[in-house]
Amino acid sequence: MVHNEEFSGKMALSVPALLELRGVSRSFGALRANAEVDLKLEAGTIHGVVGENGAGKSTLMKIAYGMIEPDAGHLLIDGVERSWWRSPREAIQAGIGMVHQHFMLAGPESALDNAILGESRPTGRWSFLPPLLRPLDRKGAIQRLRKLSDEFGFDIDWTAEVETLPVGVQQRLEILKLLDRDARILILDEPTAVLTPQETDELFKNLRKLTRSGRSVVVITHKLREVMQFTDEVTVLRAGRVTARLKTKDTSAEALAEAMVGRKVVLRVEENGKSRTPVSNESVLQVEALTLAAARDNGKPRLNQVSFDVKRGEVVGIAGVEGNGQSELIRALIHPSHADCRTSGQVRLLGVDITHTRDSEIRSLGVSVIPEDRHEEGLLLDRSLEENYLLGLQRDARFSNRGWIKRAQLRTLVNEALEAHDVRPRDAEAKARGLSGGNQQKLVIAREFSRHPKCLIASQPTRGVDVGAIESIHSKILEARSGGTAVLLLSSELDELMGLSDRILVMYEGKFVAEHRRQQGSSPYDERAIGLGMSGVIQ
Amino acid sequence: MDEQNWYQSAPFQLAASTFRLAAPLVFAAMGGLLSERAGVINIALEGFMLMGAFAAAVGANHFADPWMGALIAGGVGAAFASIYAVFVIQYRANQIVAGTAMNFLAAGLTPFFCKILFDVSGSTPTLPIAVRFGSEPIWGAWILLALLAWLWRSTSVGLWIRFAGEHPQALDAAGIQVNRIRWASVAASGVLAGLAGATLSVCLSSSFSRSMTAGRGFMALAAVIFGKWRPVPTALACLLFGFLDAVQMRLQGVQIGGVGVPVQFIQILPYIATVIVLAGFIGKSRAPRSLGLPFEKV
Ligand SMILES: Nc1ncnc2c1ncn2[C@@H]1O[C@H](COP(=O)(O)OP(=O)(O)O)[C@@H](O)[C@H]1O
Ligand SMILES: [Mg+2]
């Protein structure tokens with residue numbers, strides 16, 4: 001455990017911490033999501049809480065916000081111990097606000113109504129009426145909110161339905177909502193997952209403004225660059241326990257990564273020193289003018305005349321802020337014959353038109369898919385690893401004899417695959433649900449790679465996967481590339497795209513707005529330029 | 001046509017019976033709207049209504065006062081709806097299954113109590129005209145609509161109900177108890193469906209008779225969907241169904257090409273219209289996002 005004695009001692013003497021959690025524990029069944037966690041939030045600071053997926057970051061902060069009850073532990077506000085919140089309402093009254101990982105906004109309602117949802121102070125002309133009959137004071141609310149948004153240079157159309165606002169604006173709305181309730185302690189759960197690099201910088205600039213006015217901010221993230229660049233202090237969680245509490249200036253990204261994972265890790269995508277094999281000229285996947293009409297009238301098309309190709313032995317990355325058509329593109333490629341996935345355009349595999357081919361046939365033609373949401377589309381969580389390995393391969397001659405499964409052969413092949421892809425536990429009969437995110441993903445990859453695909457479509461291959469497994473997944477993808485597979489890679493992690501791709505296409509509002517080719521040297525791409533494309537700025 | 005007798009003209013008569021027949025639908029649909037917007041599917045509207053119709057007839061009969069009948073109908077509707085709420089909110093039962101069960105329960109309980117109280121299972125004693133409502137429920141339905149539309153747009157409660165069905169986690173994160181809002185909405189839908197039943201038995205007819213709701217609860221639910229889960233369009237949909245019902249009554253006994261059309265064919269008109277409306281025209285109607293899903297903290 002890395003512990004900075006000097007720092008925790010000195011700060012305690014001056015001003016009491018705004019918020020302190022001591023010895024917080026919480027279990028879900030047999031799982032200890034938090035075990036004796038301490039966290040101290042000093043006034044006027046940005047505090048990073050980092051840890052791998054499932055480390056217990058969200059649980060801890062939901063405890064601080066009164067959404068989850070702890071099993072044990074103490075809560076101190078301004079240095080004074082008090083009883084745990086019985087509901088978020090009490091936490092809000094004490095000045096704590098939280099922006100959740102998935103925004104707490106109702107899409108069809110206006111920005112204003114979303115902002116005043118929790119409003120309970122009697123204001124306006126009708127303040128003498130009992131709450132049940134009191135009309136909402138929308139006029140007063142909009143004045144307050146306008147003043148706040150001007151202060152921070154935010155621009156929000158308060159009458160617009162939230163679902164029509166860009167994600168970045170929705171996030172600002174969430175922050176303003178908290179400020180309007182006089183929050184002094186702001187907790188943001190993975191706020192940068194949905195932002196471009198520029199928007200991320202902008203967000204932290206605004207958070208810094210907030211800390212100057214005496215507020216404190218907790219930012220949950222697993223992106224170490226942000227922690228190093230923007231936070232004052234950092235607490236690292238691993239498997240529910242605190243493994244480091246440090247001042248940011250006294251640490252390094254490598255040290256934090258080690259505290260997160262528990263061993264040394266390589267942070268950049270490495271290719272073992274080997275240079276990349278050259279890309280061939282042979283197109284494997286060719287897409288022409290792929291279009292998906294808008295879901296509603298007068299909306300923008302969700303895919304707008306998308307054309308590109310992926311060659312043998314090439315990794316083509318697709319960058320974009322979530323919700324700009326990436327998921328739709330993947331769906332259109334996997335199910336081109338469905339009308340609600342593709343309205344026009346053509347998809348060819350090795351020169352053959354597969355636009356009207358059935359899904360299962362496309363798979364047997366040599367297309368493998370690592371789906372975006374492995375729980376929904378990749379695995380049957382309550383079935384065994386063996387059955388999951390068979391999923392989609394049940395007609396494959398290796399496993400089936402005229403519809404009868406070759407049990408013995410299946411078991412041998414599954415065991416080999418678990419070994420080769422280092423899936424733990426190596427137990428063909430274990431349920432998929434019991435595996436960690438990383439091992440579940442390795443199982444999906446083992447299955448999809450077993451067909452030796454000509455084309456691999458990988459969506460968010462390392463989302464929710466522990467840092468250790470990320471290395472192994474990346475090297476599998478690069479291995480496939482060297483073996484001649486055409487890889488289409490979609491990821492919200494720009495570092496991942498830049499590390500793996502030979503080309504990066506940038507999507508914005510259902511269209512490709514830029515193409516970047518890999519350059520020689522240590523920084524193959526211009527991150528700024530890609531970020532600009534993601535926010536719709538075309539150079 | 002006589003100047004003085006303009007109110008006897010066919011169009012006016014048709015309009016008047018449209019509003020009469022729409023009144024119970026408006027009450028029930030507003031109830032359905034409350035519960036559905038709070039996130040609870042309300043197939044049981046039909047059953048609530050039937051219980052209300054029975055309770056109103058009994059109450060009006062006993063106290064010789066239609067208002068007492070309406071009061072008791074509202075109370076019984078609320079109580080019956082609370083049983084439904086226990087199943088679907090407390091115990092997270094499947095809302096379609098539990099709702100269907102409530103409908104069966106109402107269909108069985110009403111003749112059972114009728115038999116106990118009046119020794120006939122078919123219908124309650126006929127109410128004299130003084131013990132029946134005149135046009136009060138018909139005005140009441142539209143006053144209710146105005147009230148609800150205001151509640152909807154302009155009060156915190158309206159906002160909470162909308163969020164309870166759309167994004168209950170957001171409501172919870174704002175410190176408001178989702179299940180309390182849902183519970184209150186389902187109970188309120190019981191009250192309104194009870195009043196819808198009262199309108200049937202104490203205003204449109206003069207007694208309770210077995211299965212007298214005849215699918216009007218479902219029709220009200222169809223109006224909610226057709227009205228895209230919004231008060232005013234929902235009420236307009238009720239008016240449309242009321243109109244079709246009124247037309248149906250006028251058409252009974254008409255002859256087409258000298259041949260009498262069997263009355264059953266005429267009577268199914270409103271139902272066919274409901275099916276067509278639901279299947280053909282709703283298109284882009286969008287249900288509250290969390291409709292039918294028990295609330296889970298995440
Ligand atoms: N409501 C819940 N029920 C059961 N398990 C939960 C619940 N919430 C979180 N967990 C589990 O607790 C662990 C920590 O989760 P979380 O705090 O969300 O992690 P993080 O935010 O660091 O990714 C995970 O293994 C998760 O599956
Ligand atoms: Mg989390």
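So you know, we letter chains A, B, ... as the sequences are listed, proteins then strands, and number each from 1. Just so it is clear, the values below take in all heavy atoms, side chains as well, and ignore hydrogens, waters and symmetry mates.
Ranked by heavy-atom pairs under 4.5 Å with chain A, the list B:Pro288, B:Ser154, B:Gly158, B:Ala174 is led by B:Ser154.
Neither the backbone nor the side chain of B:Arg289 comes within less than 4.5 Å of any heavy atom of chain A. The part of A:Ile92 that comes within reach of chain B is its side chain, from C-beta onward, which places non-hydrogen atoms under 4.5 angstrom from that chain. With a threshold of 4.5 angstrom between heavy atoms, A:Tyr65 approaches chain B through side-chain atoms but not through N, CA, C or O. Interface residue A:Asn114: backbone and side-chain heavy atoms are both found under 4.5 Å from chain B.
B:Gln95 and B:Ile41 get closest at one heavy-atom pair: OE1-N, 2.8 Å.
Between A:Arg433 and A:Asp382 a salt bridge is recorded (basic side-chain N to carboxylate O distance below 4.0 Å). Contact check on A:Glu109 versus B:Arg162 returns a salt bridge, with a Lys/Arg side-chain nitrogen under 4.0 Å from an Asp/Glu carboxylate oxygen. The pair A:Arg138-A:Asp113 meets the salt-bridge criterion, with a side-chain N (NZ, NE, NH1 or NH2) lying under 4.0 Å from an Asp/Glu carboxylate O.
Remark: B:Phe87 CZ is loosely packed, at most 12 non-hydrogen atoms of other residues, nucleotides or ligands lying under 6.0 Å away.
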